[in-house]
Amino acid sequence: MINVEGLRKSFGKNEVLKGISTKINKGEVIAVIGPSGSGKSTFLRCMNLLETRDGGSITIEGTDIQQMEAHLRKKIGMVFQHFHLFPHLTVLENITFAPLQVLKKTKKEAEHAGLDLLNKVGLAEKAHAYPSSLSGGQKQRVAIARALAMNPEIMLFDEPTSALDPEMVKEVLQVMNDLAKTGMTMVIVTHEMGFAKEVADRVLFMDDGKLVEDSSPQVFFENPNTDRAKAFLEKVL
Ligand code: ADP
Ligand code: MG
């Protein structure tokens with residue numbers, strides 16, 4: 001579904017992605033793991049055109065993403081570490097905003113779909129609350145529902161639980177786990193090793209702008225191929 005070939009990106013003289021190549025199949029759940037500064041966010045942001053690449057290609061179903069700019073926004077949903085909800089809109093308004101503006105849905109349709117999504121993330125009773133009244137875990141679940149409201153085919157998550165208090169991590173991972181079971185294609189940058197091990201179909205391990213390992217969770221966690229992955233796992237596990 002997604003084909004990444006020789007992806008390169010620099011910020012000034014700092015080469016952050018040094019030729020990343022991988023293929024992601026429809027319905028796959030990919031965990032992207034690696035030390036801070038290794039280029040994980042930049043990799044994700046290039047996939048969503050939040051950064052423009054300097055070299056290589058990214059195609060989705062055969063079409064280069066640069067050729068599908070506006071359409072790409074609908075195809076790919078993204079969830080960030082810091083939620084990025086609109087503070088002046090209610091939870092339901094946050095969710096219906098893009099479907100109304102971009103998909104030109106009617107208010108009735110958008111609200112119906114929005115409430116359905118809120119139900120799925122366990123927050124139906126918060127539809128008319130403002131983000132400031134929610135916990136971090138609730139905000140992140142709203143952010144996931146908001147991304148899903150655009151009916152994306154691919155969901156990107158950049159450390160969705162890193163800003164949360166420990167007791168709220170589980171509820172967000174549960175929502176992501178449910179989503180994975182629906183067959184959604186997901187690319188998730190995460191430090192939650194247990195989640196990666198249980199939910200991911202594949203682990204991409206990045207270090208210093210390179211894709212150092214591309215393996216099954218079993219291989220990656222039990223018997224990694226590289227010393228760099230071994231050293232990383234020794235630190236985090
Ligand atoms: P990770 O998500 O793995 O922590 P990032 O992709 O955020 O890594 O960053 C990789 C490198 O790129 C870091 O050295 C970071 O400082 C640099 N970087 C990221 N974004 C920018 C930017 N917008 N401008 C300049 N440097 C950046
Ligand atoms: Mg990052």
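Whatever order the structure lists them in is the order used to number ligands and atoms, beginning at 1.
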Write 'none' if nothing qualifies; otherwise put on separate lines each N/O atom of ligand 1 with a protein N/O atom under 3.5 Å away and their distance to 0.1 Å.
from: ligand 1; atom 1: 2 (O); to: S41; atom 2: N; distance (Å): 2.9
from: ligand 1; atom 1: 2 (O); to: S41; atom 2: OG; distance (Å): 2.9
from: ligand 1; atom 1: 3 (O); to: S38; atom 2: N; distance (Å): 3.2
from: ligand 1; atom 1: 3 (O); to: S38; atom 2: OG; distance (Å): 3.4
from: ligand 1; atom 1: 3 (O); to: G39; atom 2: N; distance (Å): 3.0
from: ligand 1; atom 1: 3 (O); to: K40; atom 2: N; distance (Å): 2.9
from: ligand 1; atom 1: 3 (O); to: K40; atom 2: NZ; distance (Å): 2.7
from: ligand 1; atom 1: 4 (O); to: G37; atom 2: N; distance (Å): 2.7
from: ligand 1; atom 1: 6 (O); to: T42; atom 2: N; distance (Å): 2.9
from: ligand 1; atom 1: 6 (O); to: T42; atom 2: OG1; distance (Å): 2.5
from: ligand 1; atom 1: 8 (O); to: G39; atom 2: N; distance (Å): 3.2
from: ligand 1; atom 1: 14 (O); to: N14; atom 2: ND2; distance (Å): 3.4

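- Under a cutoff of 6.0 Å and an axis angle of 45°, K230 and F232 do not form a cation-pi pair.
- Taking the ring centre of F86 as origin, the terminal cationic atom of R146 falls inside the region bounded by 6.0 Å and 45° from the ring axis.
- Salt-bridge annotation for E222 and K197: present, with a side-chain N of the basic residue lying under 4.0 Å from a carboxylate O of the acidic one.
- Note on K18 versus D208: salt bridge recorded, some NZ/NE/NH1/NH2 to OD/OE distance being below 4.0 Å.
- We find that D207 and R228 are joined by a salt bridge, their nearest charged nitrogen and carboxylate oxygen being less than 4.0 Å apart.
- Looking at D214 and K23, no side-chain N of the basic residue comes within less than 4.0 Å of a carboxylate O on the acidic one, giving no salt bridge.
- The count of protein N, O or S atoms under 2.8 Å from the Mg ion (ligand 2) stands at 1, with waters excluded from the count.
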* To do: Determine, stepwise, if the pair S41 / D158 fulfils side-chain hydrogen bond (donor to acceptor under 3.5 Å, both in side chains).
  => CA-CA 6 Å; S41 294; D158 194 358; 2.7 Å; yes
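- Residues M78 and I188 do not share a hydrophobic cluster, clusters being chains of Ile/Leu/Val/Met/Phe/Trp/Tyr side chains in contact below 4.5 Å.
- Here E111 pairs with K107 in a salt bridge; the nearest charged N to carboxylate O distance falls below 4.0 Å.
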